[in-house]
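Below: the structure, in structure tokens.
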Amino acid sequence: MAQPSVINFLKYASQPWVRYNTLRFILNQPIDKNDCKQAYHETIKHPLVQSVIKKCLEWPNPPLKSHKAASHPMHHLCLLADLGIMLPYKPIVRIVNNIAGHQDSNGAFQSLIVLPSIWGGSNRPDWLWMFCDAPVLLHACLAFGKPSNDGSITAALDHLSSVVEQKKWTCFSSLEKLKGPGRKNDPCPYATLLALRAFSVAAKRNDSSLMRQGIEILLKHWESRKSTKLRMFGIG
């Protein structure tokens, strides 16, 4: 537990999302308690948060060309979820329904992606999923409060688990001919981190052997960071 002086600093911070998450996650206040409820209301109404919500409502546009582009709405979804914005707030309902409306027949949440032909794509926007975007959308839906036993969420979790187990955390997507960067048999540390994040907020998915495999990949990548890059990724 943080020192009382630190907690008081956070509890009375000027940013409402700091106060809200301090009350909710450090002091374990119920979301419907007056102080927590008020901080949540102020968070939602804050102009900066409203600008993030507006950006998230643009998803899936623009078509995704770079998974590391922090300005893309996909990454704003995670920021919004981390701030603690939740269902049944109406804009979040719209966002989650939009994501669930674009689900592969196998269960993965899709994105509008422009994949270059050098990586096996068509050079034009297509509804696809990749190991470095589907877990982001899954994590956002779960963090927004979509229950893990919801049909679309269960399908997405089951698909991610089965494909990760089959592909051993390597680069994969809805395109069988996908050729990602780096050595074919190396795991992708970036996508591994994203998948672990999604599993971590899913009920009954956070103690599996699959999770331990992913954690070991990241720990080994850290240990060999001075000599080895996985899929051309360093590690911070």
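If you're wondering where the values come from, they're calculated on a predicted model, not measured in any experiment.
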Closest approach of [X] and [Y], non-hydrogen atoms and distance?
| X | Y | result |
| --- | --- | --- |
| Asn123 | Pro116 | OD1-CA, 3.1 Å |
| Ile44 | Val49 | O-CG1, 4.2 Å |
| Ile53 | Pro91 | CG2-CB, 3.7 Å |
| Lys37 | Asp32 | CD-O, 4.1 Å |
| Ser162 | His159 | OG-O, 3.0 Å |
| Lys146 | Val96 | CD-CG1, 3.8 Å |

Measuring only between side-chain heavy atoms, which start at C-beta, is [X] closer than 4.5 Å to [Y]?
| X | Y | answer |
| --- | --- | --- |
| Thr170 | Lys184 | no |
| Trp129 | Leu175 | no |
| Ser208 | Gln213 | no |
| Gln110 | Gln103 | no |

Under 4.5 Å between side-chain heavy atoms, counting indirect links through other Ile/Leu/Val/Met/Phe/Trp/Tyr residues: same cluster for [X] and [Y] or not?
| X | Y | result |
| --- | --- | --- |
| Leu137 | Leu193 | yes |
| Phe25 | Leu79 | no |
| Leu128 | Tyr190 | yes |
| Ile118 | Leu64 | yes |

Hey, could you give me the CG/NZ distance between Leu112 and Lys65, rounded to the nearest 0.5 Å?
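Going from the CG atom of Leu112 to the NZ atom of Lys65 covers 11.0 Å.
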Enter the distance from Ile92:CD1 to Leu80:CG here, rounded to the nearest 0.5 Å.
4.5 Å
With under 30° as parallel and over 60° as perpendicular, where do the rings of Phe172 and Phe131 fit, or are they tilted in between?
parallel
Does atom CZ of Arg225 have more than 12 heavy-atom neighbours, drawn from other residues, nucleotides or ligands, at distances under 6.0 Å?
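For Arg225, atom CZ is crowded (more than 12 foreign heavy atoms under 6.0 Å).
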Ion pair check, Asp186 and Lys168, cut-off under 4.0 Å:
no
Residue pairs involving residues 76-104 (criterion ring pair (Phe, Tyr, Trp, His ring centres under 6.0 Å); sequence neighbours excluded)
His102-Trp127
Mind checking what makes side chain to side chain donor-acceptor pair (under 3.5 Å) contact with Ser152, not counting sequence neighbours?
Asp150
